[in-house]
Structure formats: C-alpha cells, structure tokens
Amino acid sequence: MRRKLAAGNWKMNGLGADLAELERLATAPAPSQTDRLVCPPATLLSRATLVAGDIAIGGQDCHAAKSGAHTGDISAEMLTDCGASAVILGHSERRETHGETDATVAAKVAAAWKESLLAVICIGENLAQRDAGTTLDLIGAQLAGSIPDGATGATTVIAYEPVWAIGTGRVPTLDQIAEAHDFIRTTLTSRFADEGHAFRLLYGGSVKPENAADIFSVANVDGALVGGASLKADDFQAIIDALDAA
Ligand code: PGA
C-alpha cells in the first residue's frame, strides 16, 4: 500500500514572511494517509524546518558533485545539512532553462540518494510532443535516462508534469492523466519488477482545490506536485484534504 504524497514547489517565490503559510499548514491536523512535503527556495530551507512540524522540507535542485567550484549551486549534502529530506530533480523549468539532460538528472538523483534525500524526479512532454503523439515515447525515454539503477519506492518518487499544464491553468483530461500514469507504472514494473509498484506517482500541472478530487480519482495517481496553489496555506490544505479523502 503506497502512502500518498502532497508536494508543494514554491519555485522562486517566498520571503521570510511567507513562512507563516507553512506554519499554518503545520498546525492543521496531520492527514492520516498522506505525507506532506514543501520545497521552498533554498534561502528559506533552514528557517522552514523550524516551523514545518510534521511536514517534510525539500530542495528544488541539487548539484551532482559533493562540493567544489560551482558558484551558485547547492549540493545534496548542503540540503541535508539544512534539514531537508527530499529534493525535486529534473523539473521541466530546469530542463528547459538550465539545459538539464536525462543524464544530468540521473547524476543528481544518485547524489541525492547518497545523502538519503528522497528524489522527486520530474518528467513530462511539451505541447509539440503532445500534439505530435510522441508523449509516451518521450516519457519512456525520460524514465529510462533519469532514473539510475537501484531506484526503489522508498528513495524515489516520479512526478508526471506535462509542460503545457504547468502554470497555465490547462489540465489534461483524466483519460490523458490515466494513460500517462498507467504507462509510467508499467515501465517501472518492467524495469524494477515488483518494486515498481512501490513508487509513488505524482501528477503536476495546474492542480487546484477545484480539480484536485477529480485528478486524485485516477488510478496510479498517488499525489500531486503543486506549484502556484502551494503558496497559500488554504489552497494547499484543500488539495491535501482532497488527496487524503481520495
Ligand atoms: P503549477 O506548477 O501547479 O503552478 O502548474 C506545478 C509544477 O511546476 O510543479
């Protein structure tokens, strides 16, 4: 039985005062079947752990190297040192604007595992790939290239995020989500045998309180990676509640 996971990605949003939102979430009763994760910007990680209570705190990226001459980058060990227990890797915004390839992502995942960080690996097609009918080929290639050997459900979460649904208010149909998640599950079980059933699969892209219950009714959707709607405690709490009730 997989526990559910509601993960919030604050992206490049949030100042110290915004930790009040996290504090409000942390004081709500803990859901029974759902783990909660909030990934604030790196500048807030240490302070976030002070108010997060039972909510896990994660980074939004890490470098593949342990340390060294990498100006502006952050290592997995630094995230752990701040009190983080997870890290988002291969988000489409980093694949697009920082040129991250599947191989880059896989190296970062291996670095994260070494520091006992849960790796939340993001995959998903852009609109041209969706329109060309190559979505499953693309996400198959991303799964093959971004997940190192030895992955388990305890160390790794997969987030399916169609690029065209991120921050746009446009959401795939439930059939499209089901097709992608079924494909991801089948791909994981063919590579990792029974362990493939242990990975949690998150949907991401314009998840809101209004559409959350429908999305969580889809088979093989074990939770969500939420951007914009994770910035306000009331919205994220409504999504957490919908997930826990699903
Ligand atoms: P969104 O972002 O919820 O604002 O669409 C999701 C994500 O990029 O993880």
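Ligands are counted one by one from 1 in listed order, and the atoms in each one are counted from 1 as well.
- Of the charged side-chain nitrogens involved, none lies within less than 4.0 Å of a carboxylate oxygen, so that Lys114 and Glu77 do not count as a salt-bridged pair.
- Connection of Leu231 to Ile166 is not established within any shared hydrophobic cluster, with ILVMFWY side chains joined at heavy-atom distances below 4.5 Å, either directly or through further cluster members.
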For residues 137-151, tabulate all N or O donor-acceptor pairs below 3.5 Å that involve a side-chain atom, not counting sequence neighbours.
residue	atom	partner	partner atom	Å
Gln142	OE1	Gly124	N	2.8
Ser146	OG	Arg95	NH2	3.1
Ser146	OG	Asp102	OD1	3.0
Ser146	OG	Gln142	O	2.8
Asp149	OD1	Arg191	NH2	2.8

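- Remark: among candidates Ala229, Gly228, Ser230, the nearest residue to atom 4 (O) of ligand 1 is Gly228, based on non-hydrogen atoms.
- Gln60 and Trp10 share no donor-acceptor pair across their side chains, judged by distance under 3.5 Å alone.
- In summary, the atoms of ligand 1 found under 4.0 Å from a heavy atom of Glu161, numbered by their order in the structure, are 6 (C), 7 (C), 8 (O), 9 (O).
- Salt bridge Arg185/Asp222: present, at least one basic N to carboxylate O contact under 4.0 Å.
- Of the protein's non-hydrogen atoms, Gly227 N, 2.8 Å is the one closest to atom 3 (O) of ligand 1.
- Listed by number with element, the atoms of ligand 1 under 4.0 Å from a non-hydrogen atom of Asn9 are 9 (O).
- Counting heavy atoms under 4.0 Å from ligand 1, residue Ile166 touches it through both backbone and side chain.
- Heavy atoms of Lys208 come nearer than 4.0 angstrom to ligand 1 in no pair at all.
- If you number the atoms of ligand 1 from 1 as listed, the ones under 4.0 Å from a heavy atom of His91 come out as 7 (C), 8 (O), 9 (O).
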Listing, residues 194-201 side-chain donor-acceptor contacts under 3.5 Å, not counting sequence neighbours, or none:
residue	atom	partner	partner atom	Å
Glu195	OE2	Gly153	N	2.8
Arg200	NH1	Arg3	O	3.4
Arg200	NH1	Asp35	OD2	2.9

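- The distance from ligand 1 to the heavy atoms of Ser206 drops below 4.0 Å at these ligand atoms: 1 (P), 3 (O), 5 (O).
- A distance-only check finds no donor-acceptor pair linking the side chain of Thr97 to the backbone of Arg94 [under 3.5 Å].
- Summary of contacts: the protein heavy atom closest to atom 2 (O) of ligand 1 is Lys11 NZ, 3.3 Å.
- The distance from ligand 1 to the heavy atoms of Gly205 drops below 4.0 Å at these ligand atoms: 5 (O).
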